[in-house]
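The next block holds one structure in the form of structure tokens; read it before the comments.
Numbers here are sequence positions counted from 1.
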Amino acid sequence: MCISTIGVGMSNEKQIDSGRRGLLVATCTVGGVAGLATAGTFVSTFAPSERAKAAGAPVEVDISSLSPGEMMTVEWRGRPVWILKRTADMLASLDKTNAQVADPESVRTDYAKTPDYALNEWRSIKKDLLVVVGICPHLGCSPTSKLASGAQPSLPEDWQGGFLCPCHGSTFDVAGRVFKNKPSPDNLQVPRHMFVEGDTKLIIGKDEKGEA
């Protein structure tokens with residue numbers, strides 16, 4: 001189980017069970033502050049919605065204060081959901097990782113089907129806003145945010161920024177697409193979501209078709 005976003009050498013072969021998922025979410029969110037600080041970005045305070053406590057209930061999130069380069073974490077169905085407001089440089093990096101990721105068009109369904117409105121290079125409704133479940137499809141660990149580009153421990157020299165699962169080494173770009181020859185069988189899940197109130201709020205777990 002991955003419970004730290006700083007120590008990339010830690011690993012555990014046991015799959016995280018649902019009873020311990022809440023602890024994982026809270027711990028990884030706290031650790032993410034330090035990890036993102038080095039990348040020049042910030043993680044907002046973790047504040048699970050009361051509605052998220054109800055099984056399957058959609059979560060409403062205020063994203064009006066989220067600035068480019070910032071990422072926030074909320075809880076949905078007992079899992080962490082990352083909301084990353086990507087910068088122009090982050091979006092440009094996707095052209096460089098297209099040939100390096102295993103499923104650039106998100107057609108795999110080993111883990112979860114990607115909604116039709118996220119079947120694009122940036123895997124989102126809006127180019128700048130990524131919404132993904134922060135759980136690795138391999139064995140359920142929570143990856144670490146590695147948004148800064150450049151060579152870093154356990155990452156390639158041409159790293160463009162993204163996420164690293166320290167448990168077994170799967171890496172994902174800033175669209176949540178897994179790189180080739182990694183343990184993860186799929187990209188990070190894009191949950192059903194939609195924007196409301198002039199795009200200042202995000203509903204996770206429901207879209208305009210009413211599908212969850």
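Pairing each heavy atom of S184 with each of R108, the nearest pair is O-NH1, 4.3 Å. When every heavy atom of L188 is checked against every heavy atom of P137, the shortest pair comes out as CD2-CD, 4.1 Å. In this structure, P191 and V132 approach most closely via the heavy-atom pair CD-CA, 3.9 Å. When every heavy atom of D186 is checked against every heavy atom of A112, the shortest pair comes out as OD2-N, 3.8 Å. Here the closest non-hydrogen pair linking A175 and L130 is O-CD1, 3.8 Å. In this structure, P143 and F163 approach most closely via the heavy-atom pair CB-CB, 4.2 Å.
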**Request:** Walk me through it: do H193 and I203 pass the test side chain to side chain contact (heavy atoms under 4.5 Å, CB included)?
**Result:** CA-CA 5 Å; H193 63 282; I203 295 180; over 6 Å; no
**Request:** For V178 and V101, run side chain to side chain contact (heavy atoms under 4.5 Å, CB included): C-alpha distance rounded to whole Å, both residues' side-chain angles, the deciding distance at 0.1 Å, then the answer.
**Result:** CA-CA 6 Å; V178 66; V101 296; over 6 Å; no
**Request:** Please lay out, stage by stage, how D207 and R192 fare under the test salt bridge (charged side-chain N to carboxylate O under 4.0 Å, His left out).
**Result:** CA-CA 6 Å; D207 57 22; R192 294 278 176 180; 2.8 Å; yes
**Prompt:** Under the side chain to side chain contact (heavy atoms under 4.5 Å, CB included) criterion, do E75 and V81 qualify, and how do the steps go?
**Reply:** CA-CA 6 Å; E75 183 182 357; V81 174; over 6 Å; no
**Message:** As a quick check of understanding, evaluate side chain to side chain contact (heavy atoms under 4.5 Å, CB included) for K182 and H138, giving each step before the final call.
**Reply:** CA-CA 9 Å; K182 298 296 180 179; H138 179 220; over 6 Å; no
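The CH2 atom of W122 sits 13.5 Å away from atom CG of D173, with the distance rounded to the nearest 0.5 Å. In this structure, OG1 in T97 is found 11.0 Å from NZ in K180, a value given to the nearest 0.5 Å. If you take CG on D62 and CG on L202, they are separated by 10.5 Å, rounding to the nearest 0.5 Å. With rounding to the nearest 0.5 Å, the separation of SG in C165 from NZ in K146 is 12.0 Å. Atom CZ of residue R123 and atom OG1 of residue T114 lie 4.5 Å apart, to the nearest 0.5 angstrom. Distance check: S124 OG to I83 CD1 gives 12.0 Å after rounding to the nearest 0.5 Å.
Here W159 pairs with F179 under the ring pair (Phe, Tyr, Trp, His ring centres under 6.0 Å) rule; sequence neighbours left out. Checked against side chain to side chain contact (heavy atoms under 4.5 Å, CB included), D199 has the following partners two or more places apart in sequence or in another chain: K126, F195. Remark: N181 engages no residue in a side chain to side chain contact (heavy atoms under 4.5 Å, CB included) (not counting sequence neighbours). In this structure K96 satisfies the salt bridge (charged side-chain N to carboxylate O under 4.0 Å, His left out) test with no other residue, sequence neighbours excluded. Looking at residues two or more places apart in sequence or on another chain, you find no side chain to side chain donor-acceptor pair (under 3.5 Å) involving D103. When the ring pair (Phe, Tyr, Trp, His ring centres under 6.0 Å) test is applied to F172, no partner is found at least two apart in sequence or on another chain. Residues satisfying the side chain to side chain donor-acceptor pair (under 3.5 Å) test with E105, not counting sequence neighbours, are none. Every residue two or more places apart in sequence or in another chain was checked for a side chain to side chain contact (heavy atoms under 4.5 Å, CB included) with A92, and none qualifies. Legend: residues meeting side chain to side chain contact (heavy atoms under 4.5 Å, CB included) with E197, ordered by chain and number and at least two apart, are T200, K201. Listed by chain and number, the residues in a side chain to side chain donor-acceptor pair (under 3.5 Å) with N187 are S106 (sequence neighbours excluded).
Under the 4.5 Å side-chain criterion, counting only non-hydrogen atoms from C-beta, V190 is in contact with P115. In this structure, C141 and I135 have side chains that are not in contact, with every pair of non-hydrogen atoms separated by 4.5 Å or more. V59 has its side chain within reach of V61: a pair of non-hydrogen atoms, C-beta onward, lies under 4.5 Å apart. Side-chain contact check for N98 versus R177: some heavy-atom pair is nearer than 4.5 Å.
Listed by first then second residue, pairs satisfying salt bridge (Lys or Arg N to Asp or Glu O under 4.0 Å) with a partner in residues 84-95 read K85-D128, not counting sequence neighbours. Pairs passing the salt bridge (Lys or Arg N to Asp or Glu O under 4.0 Å) check and including a residue from residues 148-158, sequence neighbours excluded, do not occur.
With S142 contributing its side chain and G134 its backbone, the two residues share a donor-acceptor pair below 3.5 Å. Put simply, the side chain of T87 gets close to the backbone of M90: a donor and an acceptor are under 3.5 Å apart. Of the possible donor and acceptor atoms, none in the side chain of R77 sits under 3.5 Å from a partner among the backbone N and O of G205.
Between L84 and the options L147, T73, L129, a side-chain contact (heavy atoms from CB on, under 4.5 Å) holds for only L147.
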